[in-house]
Amino acid sequence: CGMLKKCRVKVSFHSPNDPILKVLDDNFKMLFVENNDVATTIKDFLMGISSNTIYKLSSPFKLNYLFFLLPHTTNETVMSIGPFLSDKMDSRLILEIGEKYSVSPAKQKTLRDYYSSIPVIIESDRIFTMIDTFAERIWGGVGSFTMVDTKNDLYHTAQILNKVVSDSQ
């Protein structure tokens, strides 16, 4: 965890029954979420959570997160890593996201600052190697876990996040 924090990647621990909004950072909530009463849990958001599985979530906001259930914990504990970007965001794309999700012109600079504070981590980055090594260690070796990329399930992701955004308007 210390190495991830040095790379400016947020690591946090939650119960699978915690609200998904607990994972989102305060700057994101300030920009996009006014209704902090969303009851969707982490487990529901991921449509269940299995052991020996890393879930990669790619949101409509271009933010990425990794989630996995830690083994050998007294209470079920989900480790979340993120947000991070897979690609550098240019000002045009940030403006498009702001317009799509009705970020006021007064908050556009805050939106640009927010995206510039999010680390960019590409798939070949050493951080992913470190996460794979960590997963092998906690789950018992090479081939002991799977990665589920929820990018193919963006409809579900967008549906919940759009509900959060539309409920806030």
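Keep in mind the model is a prediction, meaning the values are calculated, not measured.
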Would you check if [X] and [Y] make a side-chain contact, meaning some heavy-atom pair closer than 4.5 Å?
| X | Y | value |
| --- | --- | --- |
| Y115 | L63 | yes |
| F84 | I127 | no |
| L57 | F67 | yes |
| L70 | I138 | yes |
| D149 | S58 | yes |
| N52 | T146 | no |
| V9 | I121 | yes |

Is there a side-chain contact (heavy atoms from CB on, under 4.5 Å) between K56 and S86 once you walk through the steps?
CA-CA 11 Å; K56 180 181 180 198; S86 294; 4.0 Å; yes
Look at R92 together with E96 and state whether they make a salt bridge at an N to O cut-off of under 4.0 Å.
yes
Let's go through V23 and H14 carefully: what are the C-alpha distance in whole Å and the side-chain angles of both, what is the deciding distance for side-chain contact (heavy atoms from CB on, under 4.5 Å) to 0.1 Å, and is it a yes or a no?
CA-CA 8 Å; V23 175; H14 310 278; 3.8 Å; yes
ILVMFWY cluster, [X] and [Y] together (side-chain gap under 4.5 Å):
| X | Y | result |
| --- | --- | --- |
| V120 | I118 | yes |
| L93 | Y114 | yes |
| I122 | M89 | no |

Might you point out which heavy atoms bring L85 and K62 nearest each other, and give the distance in Å?
CD2-O, 3.2 Å
Quick one: closest heavy-atom pair of I54 and A135, and the distance?
CD1-CB, 3.9 Å
Measure centre to centre between the rings of Y65 and Y55, then say whether the value is under 6.0 Å.
no
Answer with yes or no after comparing the ring centroid distance for W139 and F134 against a 6.0 Å cut-off, counting only values under it.
no
Going by distance alone, is a donor N or O of one side chain under 3.5 Å from an acceptor N or O of the other, for T41 and N17?
no
[atom1]-[atom2] distance between [X] and [Y], expressed to the nearest 0.5 angstrom:
| X | Y | atom1 | atom2 | result |
| --- | --- | --- | --- | --- |
| S50 | K43 | OG | NZ | 10.5 Å |
| T73 | F13 | OG1 | CZ | 10.5 Å |
| I131 | M147 | CD1 | CE | 7.0 Å |
| R112 | S117 | CZ | OG | 13.5 Å |

Which residue, I81, V148, T53, forms the side-chain contact (heavy atoms from CB on, under 4.5 Å) with F68?
I81
Please check this pair: side chain of S80 against backbone of V78, looking for a donor-acceptor N/O pair closer than 3.5 Å.
no
Return the set of residues passing side chain to side chain contact (heavy atoms under 4.5 Å, CB included) with T129 (not counting sequence neighbours), or none when no residue passes.
T133
Applying side-chain contact (heavy atoms from CB on, under 4.5 Å), run through K107 and L111 and close with a yes or a no.
CA-CA 6 Å; K107 289 187 176 179; L111 183 63; 5.9 Å; no
Go through the steps for F128 and L66 under the test side-chain contact (heavy atoms from CB on, under 4.5 Å), then give the verdict.
CA-CA 10 Å; F128 277 104; L66 299 176; 4.0 Å; yes
